Amino acid sequence: MGMSGSGCSIVWFRRDLRVEDNPALAAGVRSGAVVALFIWAPEEEGHYYPGRVSRWWVKQSLAHLDSSLRSLGTSLVTKRSTDSVSCLLQVIKSTGATQLFFNHLYDPISLVRDHRAKEVLTAEGVAVRSFNADLLYEPWEVHDEEGRPFTTFTGFWEKCLSMPYDPEAPLLPPKRIIPGDVSRCPADTLVFEDESEKGSNALLARAWSPGWSNADKALTTFLNGPLIEYSKNRRKADSATTSFLSPHLHFGEISVRKVFHLVRIKQVLWANEGNVAGEESVNLFLKSIGLREYSRYMSFNHPYSHERPLLGHLKYFPWVVDEGYFKAWRQGRTGYPLVDAGMRELWATGWLHDRIRVVVSSFFVKVLQLPWRWGMKYFWDTLLDADLESDALGWQYISGTLPDGREFDRIDNPQFEGYKFDPNGEYVRRWLPELARLPTEWIHHPWNAPESVLQAAGIELGSNYPLPIVEIVAAKARLQEALSQMWQHEAASRAAIENGMEEGLGDSSESTPIAFPSETHMEMDNEPIRNNPTNNIIRHYEDQMVPSMTSSFLRVEDEETSIELRNSVDNSRAEVPSNINVTEEPRREVHGHAIMQADRTNDAFPHTNFSRARRNSEDSTAESSSSSRRERDGGVVPVWSPSSSSYSDQFPGEDNGIGTSSSYLQRHPQSHQLLNWRRLSQTG
DNA sequence: GGCCACTTCTC
DNA sequence: AGAAGTGGC
């Protein structure tokens, strides 16, 4: 076996580490002998090299998958590489495989890489097929009546729930797998953690059991227990009532379609019983599944949204560069109990309730005004379910940069949120033992507590628990000031551009990037934070990739562009990705669609061209030049066409032809810089 | 049944 | 902050 005549197939596992409802695996099994392959090429992720806890999870999950595959008759071949595509080629050569199957991913890096894989391998005579294993509906299946992608979650999700056809029913695991010949394809031993990480990782194993069958158990537990109370409990900071499925879902250990189907069954059951609370719980839980879907949807339709501000203004936001603040936030020593409890939980468990994620990250951006990339990076390193699409959506949401998100100039008060999400202070007491004896009345604002109360609780503010690192009132003023500075800088930059400086000040003034603070070994540094309020604030202007500007600062040009885009949808609808005028096009978008082609009949990519509208050279500087802003006037919803302002200067003078130089790998051969976000976002 | 004040929630 | 929902009159 394994001779090219018989032609075994490669099933390339990525974030679909399961044997159940895995369409790529099923296709492989159907077509004969299978080589199950996992390639560890973290450098391809560039800036988003997987964090410590993610790597821990992958390691466990792969071991689990391997043992499942062994019980079915084969095993998992693991490969270490810095270039997945060449690794695939090599495996194909050494196994004589003639087919490659894999499941879709929607993050921008994967879209590009997978497209390239398809091209390269097809050229080598390999039959490549890819499948949907991650979503209820593929992103291009969900659109409004005019074929345009939705720009708000609500619209998107309503459509998903009222689609004329149901999501595919989950597939059963294969009964048996015929192994391909891997005798000339030795596996590499993968290293997922270094010595310094082992200690911290050991803690994780106490709370979490990665692996697809454990994911299945977690689902069952949730369906039979917390789900029915989900709506009642959802406002609590306590995570005990959540499903705990997100890391499992991130690594594809469980199929979202299976989750959906089983939850739906419960819904019907409870509906028949007239259990209103149960029904509502289901709706709310499904909504959080929907958000995950939406994050992929956004990533697919607007692949740059993670990398850079979609509208350029935020790159002029004067971020406060203060490692002391950053450290205080990480250590949970900001002086705001709810924030601090969250940060301690995150560190201890790799987990945080969704609500609390919003609290700590919006505190980070709006109160501390730290460069948000620091925060995202920290999340990336510490969250077990770190997920590029979901995290990008989350940070955009809290930054108020989504059409339906919050506004940037609104600061939520952690004190009030504390009483909302943790009315009895239990959550704070669990994670902040130093406050354990403080009465509930003061638990979320100890700085107001009478001295006698503090004394009785054994608290000395500024000593064993900090005073607020920044007062909320001061933060509000500072935020206003920062925003007005942002507008001034933006205007200055625009003026410079109008005076003929090609790319304006923006990029050059960014040439001193805000480096990420040297490694953050939080467990090492336990010395108390000194809170030195106000003075010595250092601000930096830098594109911190806060995705886009809030609707309050909608630019006039955007409306125009969106109209233009709308028209172009019809004009170019018939196009198939390979036809487009690539020179000016958003490459990844193209890939994003092209990549899916193998599994689609060629009918419609309904909104494929939405963000593909060609733009003129004026548009190519739109990001910096289009600055006339106006205040929020109520009804105007920005059309989510950010691509318009950033694509063409993204790849200036790019040569054409999808086939030749279409990939980042080719253009950025140093793979660790493959998606160095800053580079990409700079011109030239 | 309609109107207004009050509450709740916003991905 | 503003919309949508709730409940009183």
Side-chain angles (χ1 to χ4, degrees), chain A residues 135-136 139 142 149-161 230-237 242-243 246 249 256 276-277 279-281 283-302 305-306 310 352-366 372 375-376 379 383 385 387-414 416-423 472 476 479-480 483 546-554 630-638 640 642:
Chain A
L135 295 175
L136 300 176
V142 185
F150 288 97
T151 57
T152 62
F153 171 72
T154 314
F156 166 79
W157 189 232
E158 277 169 7
K159 179 68 183 184
C160 287
L161 292 176
Y230 193 78
S231 98
K232 201 179 87 194
N233 289 329
R234 91 203 121 107
R235 44 173 47 251
K236 301 225 188 102
T242 62
S243 71
S246 61
L249 281 167
V256 77
V276 178
E279 259 197 285
E280 197 199 339
S281 288
N283 288 334
L284 277 164
F285 177 68
L286 287 181
K287 190 164 131 183
S288 65
I289 296 289
L291 281 167
R292 179 182 171 283
E293 298 270 310
Y294 190 56
S295 71
R296 271 77 179 146
Y297 188 75
M298 294 292 281
S299 177
F300 182 78
N301 285 306
H302 308 285
S305 60
H306 330 71
L310 294 172
L352 215 45
H353 192 291
D354 184 51
R355 299 265 158 185
I356 307 303
R357 295 184 194 201
V358 173
V359 170
V360 300
S361 54
S362 85
F363 184 86
F364 186 93
V365 170
K366 299 190 184 179
W372 80 273
M376 180 140 170
F379 268 27
L383 277 174
D385 58 6
D387 178 286
L388 191 54
E389 295 96 306
S390 290
D391 290 355
L393 185 68
W395 282 94
Q396 291 193 65
Y397 169 66
I398 61 101
S399 314
T401 57
L402 293 170
D404 47 1
R406 302 190 172 192
E407 287 160 29
F408 199 97
D409 52 3
R410 185 182 140 189
I411 291 183
D412 290 306
N413 190 324
F416 303 144
E417 301 200 298
Y419 286 106
K420 223 155 92 188
F421 304 138
D422 182 30
I472 294 297
K476 279 183 179 155
L479 186 59
Q480 290 305 331
L483 287 171
V546 175
S548 76
M549 205 46 228
T550 158
S551 51
S552 353
F553 308 123
L554 177 66
R630 63 164 125 116
E631 301 300 331
R632 182 180 200 77
D633 61 10
V636 189
V637 177
W640 196 223

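What you see below is based on every heavy atom in this structure, not just the backbone, and it leaves out hydrogens, waters and symmetry mates. Predicted, not measured: the structure shown is a model, and the values here were computed from it. Numbered from 1 within each chain, the chains take letters A, B, ... in sequence-line order.
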Inter-residue atom distance Ser390(A).OG - Trp395(A).CH2, 0.5 Å rounding: 14.0 Å
Is Arg355(A) near enough to dT10(B) that one of its side-chain N or O atoms lies under 4.0 angstrom from OP1 or OP2? yes
What residues form a salt bridge (Lys or Arg N to Asp or Glu O under 4.0 Å) with Arg357(A), not counting sequence neighbours? Asp385(A)
Interatomic distance, [X] [atom1] vs [N] [atom2] [rounded to whole Å]:
X         : N       : atom1 : atom2 : answer
Arg410(A) : dG2(C)  : CZ    : P     : 11 Å
Lys476(A) : dA1(C)  : NZ    : P     : 8 Å
Phe153(A) : dT10(B) : CZ    : P     : 11 Å
Asp412(A) : dC11(B) : CG    : C1'   : 13 Å
Phe150(A) : dC11(B) : CZ    : P     : 15 Å
Ile356(A) : dC11(B) : CD1   : P     : 18 Å
Asp354(A) : dT10(B) : CG    : P     : 10 Å
Lys232(A) : dT8(B)  : NZ    : P     : 17 Å

Does the side chain of Val256(A) come within less than 4.5 Å of Leu136(A)'s, by heavy atoms? yes
What are the two closest heavy atoms between Arg355(A) and Phe421(A), and how far apart are they? CD-CE2, 3.6 Å
Shortest non-hydrogen pair, Phe363(A) vs Pro414(A), comes out as CD1-CG, 3.9 Å
May Tyr397(A) be described as stacking on the base of dC11(B), applying a 5.5 Å centroid limit and a 30° limit on plane angle? yes
Kindly state which residues belonging to residues 283-290 of chain A come within less than 4.0 angstrom of DNA chain B, counting heavy atoms of the residue only, listed by number. none
Partner residues of Asn283(A) under the side chain to side chain donor-acceptor pair (under 3.5 Å) criterion, sequence neighbours left out: Gln267(A)
